[in-house]
2 protein chains.
Amino acid sequence: MANQQAALDTLFHALADPTRRAVIGRLLDGAAPVKRLAEPFAMGLPAFLKHLSVLETSGLIRSEKAGRVRTCYINADRLTAAEHWLAEQRAVWQGRADRLAAFVEAHNPPTT
Amino acid sequence: MANQQAALDTLFHALADPTRRAVIGRLLDGAAPVKRLAEPFAMGLPAFLKHLSVLETSGLIRSEKAGRVRTCYINADRLTAAEHWLAEQRAVWQGRADRLAAFVEAHNPPTT
DNA sequence: TTGTTGGTTTGCCATATGGTAAAGTATAGC
DNA sequence: GCTATACTTTACCATATGGCAAACCAACAA
C-alpha cells in the first residue's frame, strides 16, 4: 500500500517539530481551544495555525468549531500507528540479532 | 534538556521520508555498501548521499569507509529512542483515559 | 599506466517550510 | 448597534529540502 507510506511521511513529519510535539503533549491532558494552545509559544497565530494544520492533516489531532472558538482534540491512535512502525522495525532487528547470537553461540565456545 | 528536543527533531525528520525508511528497512537485514543501498532507488548518487547523511546525523545509521567503499550499519537504539517518546505520550494519554473511565464509572450506573 | 569503479564535491534549481505583517470575518458581550 | 475576541485569509519573505548534472578524487584491476 503506497498510501501507508504517505501517511507515515506526514505522521513523522508532524512529529519532527518541538512546537507540534508540545501541542500534542498539551492535548494529551485534555482538549483545548486554539488560543489557549497558542499562548505558550512566541509566534503569531498564522504561524501557529500552520502547525495545527500540519497536525490535523497528519491525523494526530482533530478539531471542531463552535461559535467562534475552535477546540482541538488529540487522536491517540495515530500515535500508536507511528509506534507500530517502529516496533515492527525493531522486531526485524531483534530477530536478526537473535539469529546472529544463536549462530555465534553454535560456532564458538561460550566465553564464560 | 533542550538538546533532547533537537535530537527528536532530527530523528523524526529522518524517519519522515520513504527513501530513508526503506534504507533503514534494508539495513535491518545487515550492513551494506552505499552503492548497493542506492540501487533500488531512481535517483542519482548525490541525492541519495544526502539521505544517508540525514540518517547518519540523526544517529539512525553509522558508516565506515574501507578502501574506496563505505559500508553502512544500522544503529537500532535510535529507533527505540523514537519509540520511547511515543510510548511515553501514550502512557500519559492512557493514564488520562483510565482516570476518565473511572470518573464516568463512579458517576454513572454501568450501562450493562 | 590506464581504465573503471565507488564515492565525493560543487553548483544549480524548484519547491516546501516556518515565519512575518496586515487586513478580513464572524460571533459574543455590552 | 458597537466593540472586542477568536480566528482566518492573503501576501510576502528567508531558509531548508530534495533533486539534478558535471566535474573530481582515490583505489583497485588489467
Side-chain angles (χ1 to χ4, degrees), chain A residues 2 5-27 30-74 82, chain B residues 2 5-27 30-74 82:
Chain A
Q5 290 297 319
L8 283 174
D9 285 7
T10 52
L11 190 46
F12 281 125
H13 172 246
L15 292 172
D17 179 290
T19 300
R20 293 196 285 262
R21 286 196 305 276
V23 168
I24 291 173
R26 170 64 186 76
L27 284 181
V34 169
K35 202 205 175 186
R36 183 150 353 128
L37 283 177
E39 269 167 8
F41 304 102
M43 72 180 72
L45 259 190
F48 187 73
L49 285 178
K50 282 192 196 175
H51 284 298
L52 284 187
S53 146
V54 168
L55 284 169
E56 192 154 13
T57 64
S58 82
L60 279 166
I61 73 172
R62 98 195 128 78
S63 71
E64 276 165 23
K65 190 161 183 178
R68 65 182 165 176
V69 34
R70 174 175 299 278
T71 307
C72 299
Y73 309 83
I74 198 142
Chain B
Q5 290 297 318
L8 283 174
D9 286 6
T10 54
L11 189 46
F12 281 125
H13 173 247
L15 291 172
D17 179 290
T19 300
R20 295 196 284 261
R21 286 197 305 277
V23 168
I24 290 172
R26 170 63 187 78
L27 284 181
V34 169
K35 203 205 176 186
R36 184 152 351 130
L37 283 176
E39 268 165 9
F41 304 103
M43 72 179 72
L45 260 190
F48 186 73
L49 285 179
K50 282 193 197 174
H51 285 299
L52 284 188
S53 145
V54 169
L55 284 169
E56 193 154 13
T57 62
S58 82
L60 279 166
I61 72 172
R62 98 195 127 79
S63 71
E64 276 165 23
K65 191 163 183 178
R68 65 183 165 176
V69 34
R70 173 175 301 279
T71 308
C72 300
Y73 309 84
I74 197 141

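Computed from a prediction, not measured in an experiment: that's the story for all the values here. Within every chain, numbering begins at 1; the chains are lettered A, B, ... in the order of the sequence lines, protein sequences first and strands thereafter.
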S.K.: Check whether any side-chain heavy atom of D9(B) lies under 4.5 Å from a side-chain heavy atom of R21(A), and answer yes or no.
M.R.: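 SC-SC contact between D9(B) and R21(A) confirmed.
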S.K.: What is the distance, rounded to the nearest whole Å, between atom CG of L45(B) and atom C1' of dT10(C)?
M.R.: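 Distance, rounded to whole Å: 15 Å.
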S.K.: Quick one: on DNA chain C, does V34(B) or P46(A) contact a more 5' nucleotide (nearest heavy atom)?
M.R.: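 Nearest nucleotide further toward 5': that of V34(B).
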S.K.: If you round to the nearest 0.5 Å, how far is CG of L52(A) from OG of S63(A)?
M.R.: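 With rounding to 0.5 Å, OG (S63(A)) is 7.5 Å from CG (L52(A)).
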S.K.: Distance from T10(B) atom OG1 to L60(B) atom CG, nearest 0.5 Å?
M.R.: 8.5 Å
S.K.: Is the shortest side-chain N/O distance from R70(B) to OP1 or OP2 of dT8(C) below 4.0 Å?
M.R.: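 Yes, within the criterion.
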S.K.: Under 3.5 Å, which protein N or O atoms sit close to an N or O of nucleotides 23-25 of chain D? Give each pair with its distance.
M.R.:
none

S.K.: So, taking the atom named CD1 in I24(A) and the one named CD1 in I74(A), what distance separates them when rounded to the nearest 0.5 Å?
M.R.: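 Between atom CD1 of I24(A) and atom CD1 of I74(A) there are 5.5 Å.
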S.K.: Can you tell me the distance, in whole Å, between the NZ atom of K35(B) and the P atom of dA27(D)?
M.R.: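 Nearest whole value for this atom pair: 18 Å.
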S.K.: Output yes when a side-chain donor or acceptor of S53(B) lies under 3.5 Å from a complementary backbone atom of L49(B), and no otherwise.
M.R.: no
S.K.: Could you give the NE2-to-P distance, from H13(B) to dT15(D), as a whole number of Å?
M.R.: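 These atoms are roughly 18 Å apart.
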S.K.: Are the side chain of R20(B) and the backbone N or O of L15(B) linked by a donor-acceptor pair below 3.5 Å?
M.R.: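 Side chain of R20(B) to backbone of L15(B), a donor-acceptor pair under 3.5 Å: no, none is there.
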S.K.: For R36(A), I'd like to know if atom CZ has over 12 heavy atoms of other residues, nucleotides or ligands within 6.0 Å.
M.R.: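 Not buried by this count: 12 neighbours or fewer within 6.0 Å.
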S.K.: In Å and rounded to the nearest 0.5 Å, what is the CG to CZ distance from L37(B) to F48(B)?
M.R.: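 The CZ atom of F48(B) is 5.0 Å from CG of L37(B), to the nearest 0.5 Å.
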S.K.: Is any side-chain heavy atom of T71(A) closer than 4.5 Å to a side-chain heavy atom of E64(A)?
M.R.: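 SC-SC contact between T71(A) and E64(A) ruled out.
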S.K.: Among residues 48-69 of chain A, which ones have heavy-atom contacts with DNA chain C below 4.0 Å?
M.R.: K50(A), H51(A), G67(A), R68(A)
S.K.: Nearest whole angstrom, please: distance from the P of dA21(D) to the CE of M43(B).
M.R.: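 After rounding, the reported distance stands at 13 Å.
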S.K.: Specify the separation, in whole Å, of atom CG of D17(A) and atom P of dA16(C).
M.R.: 18 Å
S.K.: Please classify the nucleic acid contact of R20(B) as base, sugar-phosphate, or nothing, using heavy-atom distances under 4.0 Å.
M.R.: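 Sugar-phosphate, backbone atoms only, no base.
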